[in-house]
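To keep things clear, I will list the structure first and then write my remarks on it.
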Amino acid sequence: MSRRRLPLSLRRRAVPWEGQRPTWREARPALIAGALKRARTRPSGNWYVVGASRALRGDGKLARTVAGQEIVVWRGPDGRPVGGPGICPHLGAPLRDSPVRCGTLVCHWHGLALDGNPYAGWSPLPVHDDGVLVWARLDTVGGEEPLDAPVVPPRPEPARALTAVYTGVGVCEPEDVVANRLDPWHGAWLHPYAFVDLTVVDAPGDPAGAVDDGPDALTVDVSFKVAGRIVVPVRAVFTAPGPRTVVMRVCEGEGAGSVVETHATPLGADGTGRPRTAVIEAVLAVSARPGFAAARRAAPLLHPLVRATAGRLWRDDLAYAERRWLLRSTGRFPG
């Protein structure tokens, strides 16, 4: 792509949705399955994304069920993130409903106070705050060789990026979310309100999944719709650095260097036994344009817009992931 003085472009030969080039032959099921298989073999060190770092501001906390285990995370008296089981060791109160006061989580049933250190049968879990996302390590759930810290993909410095985090929940498993992200061919068909002129220009890896080493990368040329025929063309690369993570990095065009990290965290079964998965997606947008500094200063106003955009896309993509799980669980998935 040639670098433009303005990020906008005018589509000269816009085609209706039904007139665009079919992509189903290129979106080979074996290619997607092979990339997914290799992603699932990459180490995570038993780290799971819990939520956004900004949720821990002041006396804030994060409470989530990960693979059936209730956990709670907050900032201790010294400001470091701490966390552990979300069940009070005294009589089982749900610590998700207990307040944090000056770095101490106080059980709202009987006042048991926890500062993040082992106490009264409560044992902390390893917790990591990477500046954008908060992670917890659950060795009994992951079953891998533990790592001291999570594998955080390369990303722009949060201080120079416009950052927002979206969270959604679907009835599926993490692999269904990852498979959705490893299928960029669906973009302009499933999301015509957002993407047009999508072409996968490079999809390395053996379609049968025989290549067991080396990173997978899907390189995509796509235009983001602004209004009418006005679009912003970019080139982006999708990679899966871990079993529950897919990263999209803009490498050419407006916002080069921007990153979208999609993390799939298993929550556990719902009341009918169906698996539930949280999609926690971090957007780190950067730009060399002079006006971007002003955009960063207006970040609190832009966060809801970014999350709303992600939410609209994920309504479609979670439907894709949920459909995939439904067919897999009933033995009807093609292939």
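Formation of a donor-acceptor pair under 3.5 Å by the Tyr320 side chain with backbone atoms of Leu190 is not found in this model. Not one N or O on the side chain of Ser223 forms a donor-acceptor pair closer than 3.5 Å with the backbone of Val231. Judged by distance alone, the side chain of Ser53 and the main-chain N or O of Leu133 form a donor-acceptor pair under 3.5 Å. For the pair Arg38 (side chain) and Gly34 (backbone), a donor-acceptor distance under 3.5 Å is present. Of the possible polar contacts, none joining the Glu281 side chain to the Tyr166 backbone as a donor-acceptor pair under 3.5 Å is found. Of the possible polar contacts, one joining the Arg137 side chain to the Leu147 backbone as a donor-acceptor pair under 3.5 Å is found. Distance alone, capped at 3.5 Å, is enough to place a donor-acceptor pair between the Asn46 side chain and the Gly143 backbone. When atom types are taken as modelled, the side chain of Thr265 and the backbone of Val49 share a donor-acceptor pair closer than 3.5 angstrom. Counting only distance, with no hydrogens or angles, the side chain of Trp185 and the backbone of Trp24 share no donor-acceptor pair below 3.5 Å. Under the 3.5 Å distance criterion, the side-chain polar atoms of Arg42 are matched with a main-chain donor or acceptor of Ala240.
Here the CG atom belonging to Asn117 is positioned 8.5 Å from the CH2 atom belonging to Trp122, to the nearest 0.5 angstrom. Atom CD1 of residue Ile71 and atom CG of residue Leu95 lie 12.0 Å apart, to the nearest 0.5 angstrom. In this structure, Trp74 CH2 and Leu62 CG are separated by 12.0 Å, a value rounded to the nearest 0.5 Å. To the nearest 0.5 angstrom, Thr163 atom OG1 is 4.0 Å from Leu284 atom CG. To the nearest 0.5 angstrom, Asp317 atom CG is 12.5 Å from Asp176 atom CG. Note that the OG atom of Ser287 and the CZ atom of Arg160 stand 10.5 Å from one another [nearest 0.5 Å].
Atom CG of Asp148 is surrounded by 12 or fewer heavy atoms from other residues, nucleotides or ligands within 6.0 Å. Heavy-atom neighbours of Tyr119 OH from other residues, nucleotides or ligands within 6.0 Å: at or below the threshold of 12. The number of heavy-atom neighbours closer than 6.0 Å to CZ of Arg307, taken from other residues, nucleotides and ligands shown, is above 12. Within 6.0 Å of atom CD in Glu18, more than 12 heavy atoms from other residues, nucleotides or ligands are found, so the atom counts as buried in its surroundings.
Judged by distance alone, the side chains of Glu261 and Thr245 never bring a donor and an acceptor atom under 3.5 Å apart. With 3.5 Å as the limit, one finds no donor-acceptor pair spanning the side chains of Thr277 and Glu173. Neither side chain, His108 nor Asp97, offers a donor N or O lying under 3.5 Å from an acceptor on the other. Between the side chains of Arg244 and Ser44, at least one donor-acceptor pair of N or O atoms lies under 3.5 Å.
The six-membered or imidazole ring of Trp189 lies near that of Trp17, with a centre-to-centre distance under 6.0 Å.
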Criterion salt bridge (Lys or Arg N to Asp or Glu O under 4.0 Å) on Arg276 and Asp270, from CA distance to verdict: CA-CA 7 Å; Arg276 297 171 71 248; Asp270 64 12; 5.5 Å; no
Side chain to side chain contact (heavy atoms under 4.5 Å, CB included) evaluation trace for Val220 with Met248: CA-CA 10 Å; Val220 177; Met248 185 200 77; over 6 Å; no
Side chain to side chain contact (heavy atoms under 4.5 Å, CB included) between Arg101 and Thr104, worked out: CA-CA 5 Å; Arg101 295 290 184 267; Thr104 298; 5.6 Å; no
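The side-chain tip of Arg181 does not point at the ring of Phe238 from less than 6.0 angstrom away and within 45° of straight on.
The shortest heavy-atom contact between Trp135 and Val151 is CH2-O, 4.1 Å. Nearest heavy atom pair, residue Thr167 against residue Arg64, reads CG2-NH2, 3.9 Å. Val72 approaches Pro85 most closely through the heavy-atom pair CG1-O, 3.7 Å. Here the shortest heavy-atom pairing between Val169 and Leu318 reads O-CD1, 3.7 Å. Listed here is the closest heavy atom pair of Pro158 and Val132: CG-CG2, 3.7 Å. Nearest heavy-atom pair across Gly45 and Asp139 is O-OD1, 4.3 Å.
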